[in-house]
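Single-structure report; data block below.
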Number of protein chains: 2
Amino acid sequence: MDIKLLVVDDDPAICELLRVYFEKEGCKVKVAQDGAEALNYFKLYEPDMVLLDVMMPKKDGWQVCREIREISQKPIIMVSAKSDTIDKVVGLELGADDFVVKPFDLKELSARIKAVMRRYSAHAKTGDDEVIRFDNLEISLQKYELKLKGKPVDIPPKELELLYFLASNCTRVFTRDQLLDKVWGFDYLGDSRTVDVHVKRLREKLKDVSDKWVLKTVWGVGYKFEVLQ
Amino acid sequence: MDIKLLVVDDDPAICELLRVYFEKEGCKVKVAQDGAEALNYFKLYEPDMVLLDVMMPKKDGWQVCREIREISQKPIIMVSAKSDTIDKVVGLELGADDFVVKPFDLKELSARIKAVMRRYSAHAKTGDDEVIRFDNLEISLQKYELKLKGKPVDIPPKELELLYFLASNCTRVFTRDQLLDKVWGFDYLGDSRTVDVHVKRLREKLKDVSDKWVLKTVWGVGYKFEVLQ
DNA sequence: TAACAATGTTCACAAAACCTTTACCATTAT
DNA sequence: ATAATGGTAAAGGTTTTGTGAACATTGTTA
């Protein structure tokens, strides 16, 4: 990975960790400790990508993200301690390209950086609205919207994310633990029966919508989005 | 939670507390009181996860973590009295999977163990879809699906696993005990007639599906998936 | 700030699916 | 013929899942 990286975090230990790791990966790394410094370095240093912590004194990550977006479309990955869905949405709305939750796995972060760079260089601006479609079903992550039989239906974020994940990996079975991992996040602490309840509520909403697909229980294993016929 | 746990702490009271608690949770627990002992037990006992105290006489937790990482990728949770960020960063850099601060809440610790195990097992098998195919027969472990003559057929997990095993080792005979071993698990305690019943139910489902293979009884020995012609 | 609404999580119990054992009969080998 | 082995139906018993309701959390509004 041969890119210029700007790391923005008020915690020197984390900055140092990231610097060491990504220099070993072959990146050039510049570090900024607060929002103002970040903006200065961004203009001077012209990095290929920004790793931006959300919680910082003075100017927070959202503000920095907004200001960078006024002058550049370079990819930004937000880093936060909160796994809050709203945060994720806010971040993506402000033009961030990805979102990583502390404590992060360095390997995963590295993979995400590569993925974002790939997207960025492939189509600098395709504005890819990732929409999943099946019979009478339409899910847009960009709009965070669910349409059944063509009509928008209110749905809580977690349910939407779960349905989106299952539908975009249709026919494949996932255990509850795998779903917690993929949808709730790898650092989620909680009961796997939570998945059951979300599936139950999804099924209520999806009842009588289509007979060409179904949220199926695979006994002893987990759930899958099954496509029929 | 059915895992083997290695607890490393120089305080016997804490070891005992953890041992009692996690045995009640269904784990097997081994205790080591210092770093050297920890490494020996790790090699001998082959635990699924290590709970590792940072501050210990002689060899400290960092050192133990480093040495375990030289021989294994098994998950490690570091336990420390300091909530210092530096500690956390160092720990994660050394390859620890999570970090818990004393005094800890047993429930939270338990939840973290589950979360780490989830991550670990999710990463461990980036399963390609291993599909078994014979005439009019298709078994996918990833989809947990059985197709006969191209059409999906509902089937309980044990039956699917048994058929999958036999078909993926076709023409070879297995005794009931071997099947219990391979399909049910080496620690399964039960009657070997259980296999008969599953074979019977499989045969019902597989009747009239194909004449190019068959679940055959090898008298006095066991069963095999036989390919004809 | 307090009350409220929406969402997410946990819990307990009911329901369903599945697995195992048992008993009895059929088949095979000697 | 008889002893050993396999097939099968049915009866529990166990595990897993569904579900309603309570509780917790978060964000919103008055």
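Order of the sequence lines sets the chain letters (A, B, ...), proteins ahead of strands, with each chain counted from 1. Predicted model, so just to flag it, every value in this text is computed and none were measured.
If you check D:dG18, D:dT15, C:dT10 against the side chain of A:T217, the one that comes closest is D:dG18. Closest to the B:P156 side chain, of the nucleotides D:dT17, C:dC19, C:dT9, is C:dC19. Residue B:E204 places its side chain closer to D:dA9 than to any other of D:dG7, C:dC19, D:dA9. The A:V197 side chain lies nearest to C:dC11 when the options are C:dC11, C:dT20, C:dC19. Each of D:dT5, C:dG8, D:dT16 was ranked by its minimum atom distance to the side chain of A:W219; first place goes to D:dT16.
Look at B:K200 and you'll find a side-chain N or O under 4.0 angstrom from OP1 or OP2 of D:dA9. Between A:W184 and C:dT9 there is a side-chain N or O to OP1 or OP2 distance below 4.0 Å. The side chain of A:Y223 places no N or O atom within less than 4.0 Å of a non-bridging phosphate oxygen (OP1 or OP2) of D:dT16. Between A:Y188 and C:dT9 there is a side-chain polar atom (N or O) within less than 4.0 angstrom of OP1 or OP2. For D:dT17, one of the phosphate oxygens OP1 or OP2 lies less than 4.0 angstrom from a side-chain nitrogen or oxygen of A:R176.
Annotation: side chain of B:V29 is not in contact with side chain of B:V20 (no heavy-atom distance under 4.5 Å). In this structure, B:L166 and B:L162 have side chains that are in contact, with non-hydrogen atoms separated by less than 4.5 Å.
Between A:G61 and A:L52, the closest heavy-atom pair is O-CD2, 3.5 Å.
Of the N and O atoms on the side chains of B:E25 and B:S110, at least one donor lies less than 3.5 Å from an acceptor on the other residue.
Distance OH (B:Y144) to P (C:dA17): 18 Å, rounded to an integer number of Å. Between the CG atom of A:L215 and the C1' atom of D:dT17 there is a distance of 14 Å, given to the nearest Å. Between A:H198 atom NE2 and D:dG18 atom P the separation is 15 Å, expressed in whole Å. One interatomic measurement links the two molecules: CG of B:D191 to P of C:dA23, which rounds to 11 Å at whole-angstrom precision. Here the C1' atom of nucleotide D:dA10 and the CG atom of B:D196 are 16 Å apart, to the nearest Å. Computed from coordinates, the B:K224 NZ to D:dG6 P distance equals 15 Å when rounded to whole Å. Regarding A:E161, its CD atom lies at a distance of 12 Å from the C1' atom of C:dG8, rounded to whole Å. Following rounding to the nearest Å, A:K158 (NZ) and D:dT25 (P) show an atom-to-atom distance of 16 Å.
Backbone-only engagement by A:V221 is indicated by non-hydrogen atom pairs under 4.0 Å involving sugar-phosphate atoms exclusively.
One can find a donor-acceptor pair under 3.5 Å joining the base of C:dT9 and the side-chain atoms of A:R201. Side-chain N/O atoms of A:R193 and base N/O atoms of D:dG18 include a donor-acceptor pair closer than 3.5 Å.
Using cut-offs of 30° and 60° for the angle between ring planes, the A:W213 and A:F225 rings count as parallel.
Salt-bridge formation is detected for the pair B:E145/A:K224: a Lys NZ or Arg NE/NH1/NH2 atom is positioned less than 4.0 Å from an Asp or Glu carboxylate oxygen.
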